[in-house]
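Inspection log for the structure reproduced underneath, given as structure tokens.
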2 protein chains.
Amino acid sequence: MTADPSARRGIPDATVARLPEYLRALTGFAERGITSVSSEELAAASGVRSAKLRKDLSHLGSYGVRGVGYEVDHLAYQISRELGLTQDWPVAIVGMGNLGHALAAYSGFATRGFRVVALLDQDEALHGQQIAGLPVRPMDTLDALVAEEGLAIGVIATPAGSAQDVCDQLVAAGVSSILNFAPCVLVVPDGVDVRKVDLSTELQILAFHEQRKALASAALGPVAKGVAK
Amino acid sequence: MTADPSARRGIPDATVARLPEYLRALTGFAERGITSVSSEELAAASGVRSAKLRKDLSHLGSYGVRGVGYEVDHLAYQISRELGLTQDWPVAIVGMGNLGHALAAYSGFATRGFRVVALLDQDEALHGQQIAGLPVRPMDTLDALVAEEGLAIGVIATPAGSAQDVCDQLVAAGVSSILNFAPCVLVVPDGVDVRKVDLSTELQILAFHEQRKALASAALGPVAKGVAK
DNA sequence: ACGCTTTTGTGAACGAATGCACAAAGTCAC
DNA sequence: GTGACTTTGTGCATTCGTTCACAAAAGCGT
Ligand SMILES: NC(=O)c1ccc[n+]([C@@H]2O[C@H](COP(=O)([O-])OP(=O)(O)OC[C@H]3O[C@@H](n4cnc5c(N)ncnc54)[C@H](O)[C@@H]3O)[C@@H](O)[C@H]2O)c1
Ligand SMILES: NC(=O)c1ccc[n+]([C@@H]2O[C@H](COP(=O)([O-])OP(=O)(O)OC[C@H]3O[C@@H](n4cnc5c(N)ncnc54)[C@H](O)[C@@H]3O)[C@@H](O)[C@H]2O)c1
């Protein structure tokens with residue numbers, strides 16, 4: 001029976017991808033001292049339609065009050081719990097170049113249960129060097145990190161040519177979630193999740209739409225400078 | 001009639017999002033001197049199924065040869081053209097903090113027609129300072145950049161609190177595509193595209209799946225250490 | 001106590017994306 | 001030239017995601 005409220009096995013991927021945004025919006029409301037929001041308000045702050053928001057939230061249970069809305073703190077807690085943010089997630093960053101430095105210094109990790117426990121690099125010249133309060137370690141310390149710190153999430157910030165190799169090392173050590181900044185596809189065994197953050201892809205998608213806009217306005221008169229339609 | 005081969009108005013968003021990956025894979029083949037690939041090979045290199053690849057490519061025309069495959073250079077050109085990469089796209093980066101520095105130094109822009117023409121920041125102490133060969137400029141030079149360089153794409157790397165303000169300035173100056181690294185929702189008028197790159201969101205999605213894996217293996221016996229199922 | 005207002009939660013319709021399976025269209029060997 | 005073989009391009013079924021629209025549920029004022 002799907003009537004069971006705790007039958008929340010299988011939240012759609014599209015919904016999961018939006019939960020962090022809802023959580024951020026809720027945090028914003030909480031900071032401004034707002035204790036209750038309607039689906040309309042929360043949706044506006046999250047950049048989605050209210051119907052979509054309600055359907056998304058309905059997948060994790062019935063935490064709203066009809067005629068009133070949602071209690072900010074309670075909903076934030078429920079989403080956090082669903083996302084697994086009520087526990088601490090140790091993270092390791094591999095590749096201490098330009099991007100690795102910026103990531104290591106980034107405070108955004110800590111704000112949601114993510115804790116950078118190690119910085120790794122192949123380059124021996126970097127070993128022992130302190131970056132943002134942490135020493136750079138050699139790659140062969142990975143096994144110890146998984147065993148001792150419970151490391152489960154790895155971030156790859158090496159050049160694309162090394163990424164698959166680094167990925168294999170992470171997986172061999174027991175890491176089962178990987179965030180990849182290198183512009184390449186990673187092959188992993190079943191049970192390992194990979195997500196890619198790719199600047200270049202995003203720019204190309206923007207360029208596609210930009211070109212379409214340019215062509216559209218050129219078509220309906222080369223004079224028009226403003227926004228088409 | 002949809003029989004017209006140039007009736008490629010309206011390529012699905014999902015397809016557009018994958019074109020950059022196909023292009024990257026093709027570049028890889030070209031570098032290794034391979035001049036022809038089958039949909040099966042290209043799909044494998046791109047991390048998709050061949051049926052999906054073929055359907056995607058069919059949206060931009062019929063560039064394959066039955067019984068043989070696709071000519072690498074020609075297909076790469078067609079995808080580039082479709083994405084609007086045969087022209088040069090001037091890009092400006094706003095916010096020269098940790099992330100801005102890494103982006104300015106990043107060579108990945110140049111590899112596909114994207115050219116960083118300006119670095120901007122509100123902080124007067126940074127003005128005139130050279131980063132990766134470019135001087136940091138004040139925000140009020142935006143109008144000139146749009147007029148003189150044809151700037152159409154802006155990258156926001158400021159704190160979330162300033163992002164909407166910066167975004168408004170970019171839009172006011174005439175920028176119509178924005179890549180946002182700040183963890184917040186941007187409100188823009190019609191005709192302006194925004195894409196968000198969000199580290200924190202990606203980590204939270206990984207955490208969700210990681211938690212699910214942990215729960216699953218706990219459920220079928222707390223002893224199991226390996227990958228479930 | 002009761003009806004009026006507000007807002008949720010969700011069934012049902014719709015639309016987009018994926019995967020399957022195969023006919024059509026080409027190559028290549030001989 | 002012909003037939004066997006390979007691989008594309010696509011119609012169709014299916015799955016996934018979004019939008020609509022409203023009944024059910026809760027608060028509130030009187
Ligand atoms: N810099 C950016 O703004 C930016 C933006 C988007 C994506 N990226 C991507 O992120 C990755 C890193 O970029 P970057 O600019 O920091 O590069 P970088 O060359 O500055 O740094 C790469 C680092 O990785 C280390 N490394 C190389 N091979 C390794 C291995 N096998 N094991 C462990 N460490 C290894 C190197 O020692 C170096 O410290 C690249 O793939 C790049 O395309 C960078
Ligand atoms: N550092 C990272 O690895 C990282 C990763 C993901 C996302 N982010 C996000 O990227 C953004 C920048 O991060 P950062 O670490 O570089 O921050 P930062 O504080 O180091 O740099 C911010 C820069 O923006 C400038 N700035 C602030 N307000 C401005 C305005 N109104 N107009 C123009 N410039 C302005 C500041 O002068 C400063 O130079 C943040 O939103 C952060 O959440 C950073």
Side-chain angles (χ1 to χ4, degrees), chain A residues 1-19 21-22 25-26 29 34-72 74-75 78-79 82 205, chain B residues 1-19 21-22 25-26 29 34-72 74-75 78-79 82 205 208-209:
Chain A
M1 289 312 176
T2 53
D4 180 2
S6 77
R8 54 175 189 272
R9 297 291 139 227
I11 297 179
D13 285 348
T15 294
V16 173
R18 284 186 293 266
L19 292 180
E21 194 61 61
Y22 301 153
L26 284 168
F29 283 116
I34 296 167
T35 60
S36 174
V37 283
S38 68
S39 63
E40 208 67 57
E41 292 165 326
L42 184 53
S46 311
V48 300
R49 299 285 182 178
S50 63
K52 197 191 264 187
L53 172 85
R54 288 199 301 277
K55 178 140 292 193
D56 281 343
L57 294 184
S58 76
H59 286 113
L60 22 138
S62 199
Y63 300 121
V65 178
R66 288 164 193 239
V68 178
Y70 302 87
E71 208 229 314
V72 172
H74 186 234
L75 184 57
Q78 293 298 341
I79 294 178
E82 198 62 55
I205 295 170
Chain B
M1 288 306 181
T2 53
D4 179 3
S6 77
R8 54 177 188 272
R9 296 291 141 230
I11 297 178
D13 285 348
T15 294
V16 173
R18 283 186 294 266
L19 292 180
E21 194 61 59
Y22 301 154
L26 285 167
F29 282 117
I34 296 166
T35 60
S36 173
V37 285
S38 68
S39 63
E40 208 66 57
E41 294 164 325
L42 185 52
S46 311
V48 301
R49 298 287 181 178
S50 64
K52 196 192 264 187
L53 173 85
R54 288 199 300 277
K55 180 146 294 194
D56 281 343
L57 294 184
S58 75
H59 285 114
L60 25 137
S62 199
Y63 300 121
V65 179
R66 290 164 192 239
V68 177
Y70 302 87
E71 208 231 313
V72 172
H74 186 233
L75 184 56
Q78 294 298 341
I79 294 178
E82 197 62 55
I205 295 170
F208 171 81
H209 292 294

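Order of the sequence lines sets the chain letters (A, B, ...), proteins ahead of strands, with each chain counted from 1.
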Beyond-backbone contact of A:Ser36 with A:Glu71, side-chain heavy atoms, under 4.5 angstrom
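When only atoms from C-beta onward are counted, A:Glu71 and A:Ser36 do not touch, as no gap falls below 4.5 Å.
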B:Leu53 vs B:Tyr22 side-chain heavy atoms within contact, under 4.5 Å:
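Counting from C-beta outward, B:Leu53 and B:Tyr22 do come under 4.5 Å.
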Over how many whole Å does the gap from [X] atom [atom1] to [N] atom [atom2] extend?
X: A:Arg54; N: D:dA25; atom1: CZ; atom2: P; result: 16 Å
X: B:Leu57; N: D:dT8; atom1: CG; atom2: C1'; result: 10 Å
X: A:Lys55; N: D:dT19; atom1: NZ; atom2: C1'; result: 9 Å
X: B:Asp56; N: D:dT8; atom1: CG; atom2: P; result: 14 Å
X: A:Asp13; N: D:dT15; atom1: CG; atom2: P; result: 16 Å
X: A:Ile11; N: D:dG17; atom1: CD1; atom2: C1'; result: 15 Å
X: A:Leu53; N: D:dT19; atom1: CG; atom2: P; result: 12 Å
X: A:Lys52; N: D:dA21; atom1: NZ; atom2: P; result: 17 Å

Can you measure from NZ (A:Lys55) to CZ (A:Arg18) and round to the nearest 0.5 angstrom?
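Answer for the NZ-CZ pair, A:Lys55 versus A:Arg18, is 11.5 Å.
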So, is B:Ser39 near the phosphate of D:dT7, with a side-chain N or O under 4.0 Å from OP1 or OP2?
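Indeed not, no polar side-chain atom of B:Ser39 lies that close.
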If the cut-off is 4.0 Å, is A:Tyr70 near the phosphate of D:dA26, judged by side-chain N/O to OP1 or OP2?
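A:Tyr70 to D:dA26 OP1/OP2: no side-chain N or O under 4.0 Å.
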What are the bounds, 5' to 3', of the part of DNA chain C that sits under 4.0 Å from heavy atoms of chain A?
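Boundary nucleotides touching chain A, in 5' to 3' order, are C:dT6 to C:dA12.
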Considering all heavy atoms of both residues, which atom of B:Ala25 and which atom of B:Ser46 are nearest to each other, and what is their separation?
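The pair with the smallest heavy-atom distance is CB-OG, 3.6 Å.
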Minimum heavy-atom separation for A:His59 and A:Ile11, please, with both atom names.
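Result for this residue pair: O-CG1, 4.2 Å.
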Map A:Arg18 and A:Arg66 onto DNA chain D by nearest heavy atom, then report which one ends up closer to the 5' terminus.
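Counting from the 5' end, the first nearest nucleotide belongs to A:Arg18.
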Residue closer to the 5' end of DNA chain D, A:Gly67 versus B:Val68 (nearest nucleotide)
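Per heavy-atom nearest nucleotide, the more 5' residue is B:Val68.
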Test A:Leu42 against A:Val72 for side-chain contact (heavy atoms from CB on, under 4.5 Å), laying out the working first.
CA-CA 10 Å; A:Leu42 184 53; A:Val72 172; over 6 Å; no
Please determine which of B:Leu75, B:Leu26, B:Val68 meets the side-chain contact (heavy atoms from CB on, under 4.5 Å) test together with B:Val37.
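That would be B:Leu26; it is the only one of B:Leu75, B:Leu26, B:Val68 passing the side-chain contact (heavy atoms from CB on, under 4.5 Å) with B:Val37.
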